[in-house]
Novice: 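Handing you this structure, nothing more for now.
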Amino acid sequence: MVDVGLASEVAFILVAAAFVGVLAVRLGQPTIIGYILTGVVIGPVGLGLVEPSVITETMAELGLAFLLFLLGIKMRFDEIRHLIAPIVKISVPQMAAIGLVGFGLAVTLPFSFEVAVIIGLAVMYSSTAVVIKMLNDKGEATSLHGKIDVGVLLAQDIVVVIILAVLAAGRPEGAADIAATLAIVMVLVTVTAVVAITASKYVLPPLFRRIADDTTLFFLVAISWLFLFVLVSDQIDVLLAPFGVDAYLSVEMGAFLAGLAIAQLPYSKDLQGRVNPLTDLFVMVFFVSVALDFEASDLLAYWQEAVVVAAVLMVVKFVVFFTLFNWQQFDLETSFLGSVGMIQVSEFGIVIAVAAAESDPPFIGQAELGFITLLALMTMSVSVYFIQYNRELFERVEPYLSRWEQSDPVEPADTEYRDHVVVVGYDEIARRALRILEDQYDEIVVVDRNVEHIEAIEDAGYDVLFGDFRYEKIRKDAGVKYADFVFSSSDQLEINEILLGETTAETTVFVEAKTAKEAERLYELGAQYVILAPQLGVAQFIQYLESYFEDRPTFDREIAADMELLRSGQLFPDVTDRPGGDDD
């Protein structure tokens with residue numbers, strides 16, 4: 001091993017992982033595979049340049065915490081409510097069936113009963129990282145099969161969190177011990193969840209309302225909220241020991257519930273964009289560290305068995321998913337596309353395996369962990385190409401699947417924006433524009449970062465997103481690509497360039513600019529109209545001046561209306577009798 005300091009070790013890991021991650025993306029592979037391969041290359045299996053240390057292990061544990069925190073932030077109840085029924089009816093039987101198949105395959109191979117149970121628990125999930133990445137890359141995240149797949153992945157991830165909490169309690173001595181451990185875990189999870197949801201209703205809203213405009217403080221408080229739950233989860237046994245309770249709650253569960261509480265706030269989507277880069281950093285270290293613990297003999301100890309199990313599992317997963325999709329009466333294309341995307345073993349399977357290997361005493365050894373890791377790597381790599389060419393595959397197999405076509409397919413309600421208006425930022429121009437636009441369109445969504453604006457816009461009856469338009473998540477949730485009309489009241493060139501780069505040629509786009517040079521640039525990018533504030537000010541002044549000389553009573557009413565507007569303190573006062581007013 002090369003003797004380097006801790007800081008140099010982390011720097012070396014990050015540089016190597018970033019390089020291999022970029023290479024993986026260029027080759028059409030998920031970055032997770034690149035990270036694990038980085039650990040293989042620089043760790044004991046490969047060049048032997050780095051070995052695990054306290055700092056890498058700490059960062060790896062934080063990677064899991066941030067990953068589950070981010071997952072929790074994405075779980076807004078109102079966005080998945082209409083999909084709960086089909087998600088549950090697909091995900092629960094699927095996990096049970098695949099878990100049993102994985103257990104059965106492991107038992108037929110040279111694995112003990114206990115190891116076979118862990119393998120069954122590890123293989124029943126599909127990869128959140130692979131599926132969501134590919135859906136986003138192909139623009140299918142908002143398709144019907146995309147929404148169902150994402151919902152099933154969320155259901156699977158919840159099960160992962162519970163299993164991680166159980167594994168954190170250590171090896172059970174029998175069925176009664178398992179039941180007792182599960183009962184304690186469920187009670188602790190329930191209590192912690194109640195605390196988190198209660199806080200999301202009564203504690204967090206006023207707190208975040210006060211600080212949301214300060215982006216730095218907003219981010220730091222959110223991260224502090226995460227670490228509060230991580231601390232309590234990690235020390236729950238110490239906190240309850242005086243009461244004679246031997247309790248365990250995984251750090252991952254605490255992080256997930258911390259995110260779940262924030263998810264119900266209007267600021268959650270903006271926070272997702274801020275947490276994502278930090279999560280990617282720690283997750284990178286986690287997946288690199290997974291391979292740092294391997295010797296070559298461990299990773300390849302069961303490579304032949306891994307090849308066989310990978311091939312069988314991918315086929316079985318497709319058949320199980322397709323059967324369940326069809327049972328829920330989705331159309332043939334949705335059933336095929338939704339099923340072919342879920343055939344891989346998840347990165348969370350590796351997480352489960354790592355937790356089982358690090359339990360005290362361990363459930364599995366390093367060779368079994370290497371088997372599960374190799375299984376995940378192979379299935380994720382292969383599934384990328386199935387997802388990439390899913391529609392071409394469907395066209396080829398459709399004649400053979402036609403017997404399963406539904407005569408009256410049932411589809412969940414479509415909650416996505418289409419042919420709507422997106423307004424970026426709120427000011428006086430936007431306020432007046434909204435009143436005109438609402439007469440032309442049924443759906444208007446406003447994106448703004450001012451808390452007072454958000455509440456007033458909601459009260460006025462418009463859909464609103466709190467967040468920075470520069471974040472991709474905010475733009476996707478606003479449906480910018482599918483808008484018919486977009487108006488940006490921001491004069492920041494960067495934001496308007498992003499906006500024009502994401503809209504289609506069919507979208508009408510009005511934007512603001514600070515200078516004539518910037519306006520010219522925005523016209524070149526495809527804007528239909530660029531607002532220059534000085535020009536508007538001159539036009540308004542000329543209108544007032546003509547009114548003063550030609551119709552003094554009208555001028556007096558106009559000035560009185562403007563004074564009322566200035567004094568009202570309301571974003572949407574009922575004032576219309578003025579030049580450029582809402583009724584003009």
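Sequence positions, counted from 1, serve as the residue numbers for this chain.
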Novice: If you take all heavy atoms of Ala357 and Gln366, which pair is closest and at what distance?
Specialist: CB-NE2, 4.3 Å
Novice: Any idea which heavy atoms bring Met95 and Ala155 closest together, and the distance?
Specialist: CE-O, 4.3 Å
Novice: Measure the shortest side-chain to side-chain distance between Phe69 and Ile262 over non-hydrogen atoms and say whether it is less than 4.5 angstrom.
Specialist: yes
Novice: Going from CH2 on Trp327 to NZ on Lys89, what distance comes out if it is rounded to the nearest 0.5 angstrom?
Specialist: 6.0 Å
Novice: Quick check: do Val191 and Val194 have side-chain heavy atoms less than 4.5 Å from each other?
Specialist: no
Novice: Please report the closest heavy-atom contact between Val345 and Thr379, naming both atoms and the distance.
Specialist: N-OG1, 2.9 Å
Novice: Just so I know, are the side chains of Leu105 and Glu305 near enough to count as touching, which here means a heavy-atom distance under 4.5 Å?
Specialist: no
Novice: How many angstroms lie between atom CG of Leu37 and atom CD1 of Ile42, to the nearest 0.5 angstrom?
Specialist: 11.5 Å
Novice: Tell me whether Phe282 at atom CZ has more than 12 heavy atoms from other residues, nucleotides or ligands lying less than 6.0 Å away.
Specialist: yes
Novice: Keeping the roles fixed (side chain from Asp149, backbone from Gly341), state whether a donor-acceptor pair exists under 3.5 Å.
Specialist: no
Novice: Tell me the closest heavy-atom pair linking Glu114 and Phe363, and the distance in Å.
Specialist: OE1-O, 3.4 Å
Novice: Would you indicate whether the side-chain heavy atoms of Ser346 and Gln156 approach each other to under 4.5 Å?
Specialist: no
Novice: So, the side chain of Glu368 versus the backbone of Gly365: is there a donor-acceptor pair under 3.5 Å, distance only?
Specialist: yes
Novice: Considering only heavy atoms from C-beta outward, does the side chain of Leu332 approach that of Phe325 to under 4.5 Å?
Specialist: no
Novice: Return the CG to CE distance between Leu313 and Met124, rounded to the nearest 0.5 Å.
Specialist: 12.5 Å
Novice: Atom CD1 of Ile352 and atom CD1 of Ile372: how far apart are they, to the nearest 0.5 Å?
Specialist: 9.5 Å
Novice: May I have the step-by-step check of side-chain contact (heavy atoms from CB on, under 4.5 Å) for Tyr125 and Leu153, ending in yes or no?
Specialist: CA-CA 8 Å; Tyr125 324 104; Leu153 289 169; over 6 Å; no
Novice: Below 4.5 Å, heavy atoms only, C-beta onward: do Phe111 and Phe371 meet side chain to side chain?
Specialist: yes
Novice: Taking all non-hydrogen atoms of both residues into account, name the closest pair between Gly338 and His145 and its distance.
Specialist: N-CB, 3.7 Å
Novice: Side chains of Phe330 and Ile90: does their closest heavy-atom pair fall under 4.5 Å?
Specialist: yes
Novice: Let me see the working for Ile223 and Phe66 under side-chain contact (heavy atoms from CB on, under 4.5 Å), right down to the final yes or no.
Specialist: CA-CA 9 Å; Ile223 298 301; Phe66 273 97; 3.7 Å; yes
Novice: Starting from the C-alpha separation in whole Å, work towards a yes-or-no answer on side-chain contact (heavy atoms from CB on, under 4.5 Å) for Phe227 and Asp234.
Specialist: CA-CA 10 Å; Phe227 280 107; Asp234 189 51; over 6 Å; no
Novice: Let me confirm one number: the OG-CG distance from Ser233 to Leu257, rounded to the nearest 0.5 Å.
Specialist: 7.5 Å
Novice: Looking at CZ of Phe113 and CD1 of Ile118, how far apart are the two atoms once the value is rounded to the nearest 0.5 Å?
Specialist: 11.0 Å
Novice: May I ask you to decide if Ser200's main-chain N or O and Gln264's side chain share a donor-acceptor pair within less than 3.5 Å?
Specialist: no
Novice: Show your working on side-chain contact (heavy atoms from CB on, under 4.5 Å) between Met378 and Val307 and close with a plain yes or no.
Specialist: CA-CA 8 Å; Met378 289 189 293; Val307 171; 4.0 Å; yes
Novice: Would you mind reporting whether Leu337 and Arg391 have side-chain heavy atoms less than 4.5 Å apart?
Specialist: yes
Novice: Could you pull out the closest heavy-atom pair between Trp225 and Ala258, with the gap in Å?
Specialist: NE1-O, 3.1 Å
Novice: So, applying ring pair (Phe, Tyr, Trp, His ring centres under 6.0 Å) with Phe336, which one of Phe321, Trp404, Phe318 is it?
Specialist: Phe318
